[in-house]
Amino acid sequence: MNYCNIERISKFSLQALRSLVNLDLSYNRITGDVLFFATRYLGKSDIKILNGSGNYFNGSSDQFSGFGSEWFLQLRELYLSRTNIQVFNFSSLSTLKKLKNLDLSINKITQLHVSKKTVFPKLRYLNLERNRILDTSFFQNGGHCLQKLTHLDLSRNPLLTILSRSFVKLTSLSVLIMEHLQVKPTVETRALESKSLLKLSVDSFSVFEDTLFQNCPLLQELQIKRMTLFNTNLTKMLSPLKCLKSLLIRGTGISYISSLKDLSELQTLDCTFNLIQNLRKNDLENLWNLTRIFFGWNSITTVSKSSFPDFIWKKKNLLLDLSVNPFHCDCELEWFSEWLRNNSHKVVHYPYRYLCKTPLKWQNQSLSKVDFRICHQWNQNMISSFIFCGILSTLSFTFVLAWRLRWDIKYYIHTCRHRKPKSYIRHPADAYQYDGFVAYNTHDRKWIMSELVENLESRRQYKLCLHERDIIPGGIFVDEILDNIEVSRKFILVLSPNFMSDQWCQYEATLANHAVADGRVGEVILIVLGKLESQHLTNSMKVLLKSICSIEWTENKNGQKLFWSSITQLMDR
């Protein structure tokens with residue numbers, strides 16, 4: 001009976017249900033008192049699953065006292081997501097000795113409490129995602145009550161500190177997830193120590209020591225996302241993980257991979273969305289079990305036989321991803337091009353995401369179409385020096401002239417291709433509240449209102465979300481931003497010198513970078529308003545500008561027509 005707008009339930013409503021096992025009252029308007037009042041005469045049912053998500057609980061002890069009823073003694077799964085809980089005391093559930101799954105995600109929990117005698121002997125899964133937990137002190141002090149816990153999710157919390165030995169008392173913990181943290185927490189020494197941990201996923205950590213994983217001897221799967229690692233000794237940090245089978249390092253800004261030869265059990269290596277330029281075979285020596293290698297969305301210009309150890313090239317079950325790299329299609333790349341054609345079944349996204357960046361004649365052409373025969377021919381048509389100089393002068397003149405008239409040329413080409421302008425049509429099945437969420441600095445308000453709003457809303461009937469206009473004051477600003485981004489079809493970033501120096505703008509840019517890292521490139525639109533100085537660009541901003549083609553604002557009239565046409569095309573995708 002979910003989504004039924006139920007507010008009251010009489011105490012005899014459920015009395016006839018003698019065999020009830022699963023009770024779903026999620027997303028109604030009932031309180032904890034109403035729920036326990038209605039289940040007081042539940043017949044003789046041994047209910048095992050209860051879903052009360054989306055209702056209203058204030059988290060005080062009396063709200064959960066009803067779980068002491070005999071009807072809940074067999075409860076295995078309890079879901080209390082989106083119930084407005086602010087303070088949660090585990091002791092209120094102390095009678096639920098058979099509870100295995102507990103979901104407290106998307107609440108407002110700031111504090112967790114438990115008495116020394118409370119124990120949950122069978123609780124396996126605990127979901128605390130998207131609350132307001134500031135540190136890990138509860139697990140450091142109250143972990144004794146969760147001896148059998150295997151899965152813990154602390155994602156999307158504003159964790160400020162990961163305390164030392166926080167999870168040592170969780171002696172059965174095998175999966176720990178701390179993704180999309182709202183701030184960069186301080187990580188104390190031995191913070192992640194665990195003798196049982198098998199899978200760990202972390203992101204957004206601030207500066208931490210190279211010994212971070214030294215006390216995780218059984219770790220098999222490690223995911224590191226969206227944190228600065230370019231000054232970290234990866235070899236020293238990862239070498240203690242002798243059992244590691246899967247390693248993901250994504251969006252960390254590293255420009256090379258340190259030696260991983262100590263990770264002899266490694267099977268999967270994912271380093272997508274970084275700044276890696278060169279691949280060296282020595283870094284992957286002794287990794288005989290390695291079969292899945294992903295280096296897409298980096299800065300790799302060439303690949304040769306010496307990029308990986310010989311045994312990797314020969315593996316029959318190899319899965320390789322080197323897509324979306326700026327390849328320099330010269331004679332040095334011939335061997336790799338031939339290998340790709342002969343082993344296309346081992347390669348992800350081949351051939352349409354393996355494009356040449358340079359030289360100019362092969363720019364944006366698939367690597368599979370490059371003609372390398374010229375690498376084996378003698379050049380018999382040497383051009384004399386004065387002809388070469390004449391051609392060079394002509395090209396220089398043409399380049400200068402084309403640069404001065406670039407916007408007029410682009411506009412002419414655009415009008416030739418699109419003679420009949422298309423108007424925006426809103427699809428009736430569109431489930432989004434806004435066509436675009438606009439991230440900008442308030443100092444750029446004049447341009448936003450006079451140009452962006454005027455052209456996209458007034459002239460083209462798009463609906464934009466502006467934080468100064470559409471976000472209701474009084475809420476949690478971070479939550480409001482996240483909620484409005486989720487109901488917007490596009491994420492529009494207006495980059496300017498003012499944007500670079502604004503803390504909230506940097507936070508919104510980080511959210512856009514997360515979307516790109518998760519594969520949702522088409523949802524992000526970059527507008528460059530003014531000249532951006534490289535020294536003011538953060539590492540994550542550089543990755544974002546590298547991953548997505550930006551659209552530059554100009555004062556040239558034809559250039560502005562081309563600008564709005566490009567914006568419209570991106571909005572209509």
| query | Given side chains that start at C-beta, do those of K100 and L123 come closer than 4.5 Å, heavy atoms only? | reply | no
| query | Within a radius of less than 6.0 Å around NZ of K148, do more than 12 heavy atoms belonging to other residues, nucleotides or ligands occur? | reply | no
| said: Is the shortest side-chain heavy-atom distance between N107 and T83 below 4.5 Å? | reply: yes
| request: Could you tell me the separation between the CD atom of Q267 and the CG atom of L244, rounded to the nearest 0.5 Å? | output: 10.0 Å
| query | Is the shortest heavy-atom distance from the side chain of R76 to the side chain of I49 under 4.5 Å? | reply | no
| request: Using a 4.5 Å cut-off on heavy atoms from C-beta on, say whether the side chain of E193 contacts that of C216. | output: no
| Out of curiosity, L511 CG to H180 NE2, how far, rounded to the nearest 0.5 Å? | 10.0 Å
| field | Evaluation steps, side-chain contact (heavy atoms from CB on, under 4.5 Å), between I293 and D321 | value | CA-CA 6 Å; I293 306 174; D321 182 5; over 6 Å; no
| query | With distance as the sole test, does N28 use its side chain to make a donor-acceptor pair with the main-chain N or O of M1 at under 3.5 Å? | reply | yes
| Given the side-chain rings of F90 and F88, with only the six-membered ring counted for Trp, is the space between their centroids under 6.0 Å? | yes
| Is the backbone of K116 close enough, under 3.5 Å, to the side chain of H144 for a donor and an acceptor to pair up by distance? | yes
| request: For residues L260 and D262, determine if any side-chain heavy atom of one lies less than 4.5 Å from a side-chain heavy atom of the other. | output: no
| message | Any side-chain to backbone donor/acceptor pair from N131 onto I109? Under 3.5 Å, distance only. | response | yes
| Considering residues, nucleotides and ligands other than Y256, do more than 12 of their heavy atoms fall under 6.0 Å from its OH? | no
| Has the side chain of D33 got a donor or acceptor atom that lies under 3.5 Å from a matching backbone atom of T31? | no
| Salt bridge E129-R156, side-chain N to carboxylate O under 4.0 Å | yes
| query | Where the side chain of E188 meets the backbone of S164, is there a donor-acceptor pair that is under 3.5 Å apart? | reply | yes
| query | Under a 4.5 Å cut-off applied to non-hydrogen side-chain atoms, are C271 and I257 in contact? | reply | yes
| query | At what distance, to the nearest 0.5 angstrom, does CG of L159 lie from CD1 of I133? | reply | 7.0 Å
| query | Do the side-chain N and O atoms of S246 and T268 include a donor-acceptor pair separated by under 3.5 angstrom? | reply | no
| Steps toward side-chain hydrogen bond (donor to acceptor under 3.5 Å, both in side chains) verdict (T118, S115) | CA-CA 6 Å; T118 302; S115 67; 2.6 Å; yes
| query | Of the non-hydrogen atoms in S204 and L181, which two are nearest, and what is the gap between them? | reply | OG-O, 3.9 Å
| message | Can a donor-acceptor pair be found, under 3.5 Å and without considering hydrogens, that links the side chain of K346 to the backbone of K315? | response | yes
| request: Can you measure from CG (N215) to CZ (R190) and round to the nearest 0.5 angstrom? | output: 4.5 Å
| query | If only atom types and distance count, is the side chain of T235 paired as donor or acceptor with the main-chain N or O of S258 below 3.5 Å? | reply | no
| remark: N55 and L25 have their tightest heavy-atom pair at ND2-O, 2.9 Å
| field | N/O donor-acceptor pair under 3.5 Å between D103 side chain and S105 backbone | value | yes
| field | Salt-bridge contact D435-K463 (side-chain N to carboxylate O under 4.0 Å) | value | no
| Between S13 (side chain) and S10 (backbone), is there a donor-acceptor pair under 3.5 Å? | yes
| Under the side-chain contact (heavy atoms from CB on, under 4.5 Å) criterion, do F311 and L290 qualify, and how do the steps go? | CA-CA 10 Å; F311 68 86; L290 191 61; 5.5 Å; no
| request: Compare every heavy atom of N233 with every heavy atom of K236, then report the nearest pair and how far apart it is. | output: N-OD1, 3.1 Å
| request: Given side-chain hydrogen bond (donor to acceptor under 3.5 Å, both in side chains), test S166 with T136 step by step and report yes or no. | output: CA-CA 6 Å; S166 293; T136 56; 2.6 Å; yes
| Would N127 and Y79 count as a side-chain contact (heavy atoms from CB on, under 4.5 Å) if you check the C-alpha gap in whole Å, the side-chain angles of each, and the deciding distance to 0.1 Å? | CA-CA 9 Å; N127 189 351; Y79 300 93; over 6 Å; no
| request: Please say which of L78, L149, L75 ends up in a side chain to side chain contact (heavy atoms under 4.5 Å, CB included) with L102. | output: L78
| Taking all atoms of both residues into account, what is the closest heavy-atom pair of R132 and N157, and its distance? | N-OD1, 3.3 Å
| SB check R29 E7 (cutoff 4.0 Å) | yes
| field | Option from M178, R130, E179 for which side chain to side chain contact (heavy atoms under 4.5 Å, CB included) with S155 holds | value | E179
| message | As a test of understanding, state which of N274, D203, D270 forms a side-chain hydrogen bond (donor to acceptor under 3.5 Å, both in side chains) with R250. | response | D270
| said: Rounded to the nearest 0.5 Å, what separates atom CG in L99 from atom CD in Q74? | reply: 12.0 Å
| field | Over all atoms of both residues, closest heavy-atom pair of F67 and L96 | value | O-CD2, 3.6 Å
| query | If you count the non-hydrogen atoms of other residues, nucleotides and ligands that lie under 6.0 Å from NZ in K261, is the total more than 12? | reply | no
| query | F72 pairs by side chain to side chain contact (heavy atoms under 4.5 Å, CB included) with which of D46, T39, T95? | reply | T39
| How about D210 and T232: do any of their side-chain heavy atoms sit closer than 4.5 Å? | yes
| Does the side chain of L218 come within less than 4.5 Å of L197's, by heavy atoms? | no
| note | Correct closest heavy-atom pair for L318 and I312 would be CD2-O, 3.4 Å
| query | How about H467 and Y440: are their ring centroids closer than 6.0 Å? | reply | yes
| Neighbour count >12 (heavy atoms, 6.0 Å) for atom CZ, R469 | yes
| query | When rounded to the nearest 0.5 angstrom, what is the spacing between NE2 in H345 and CG in L319? | reply | 10.5 Å
| query | Looking only at atom types and distance, does a side-chain atom of S174 sit under 3.5 Å from a main-chain N or O of T150, one as donor and one as acceptor? | reply | yes
| request: Would you check, one step at a time, whether the test side-chain contact (heavy atoms from CB on, under 4.5 Å) holds for L126 with D153? | output: CA-CA 7 Å; L126 177 58; D153 192 343; over 6 Å; no
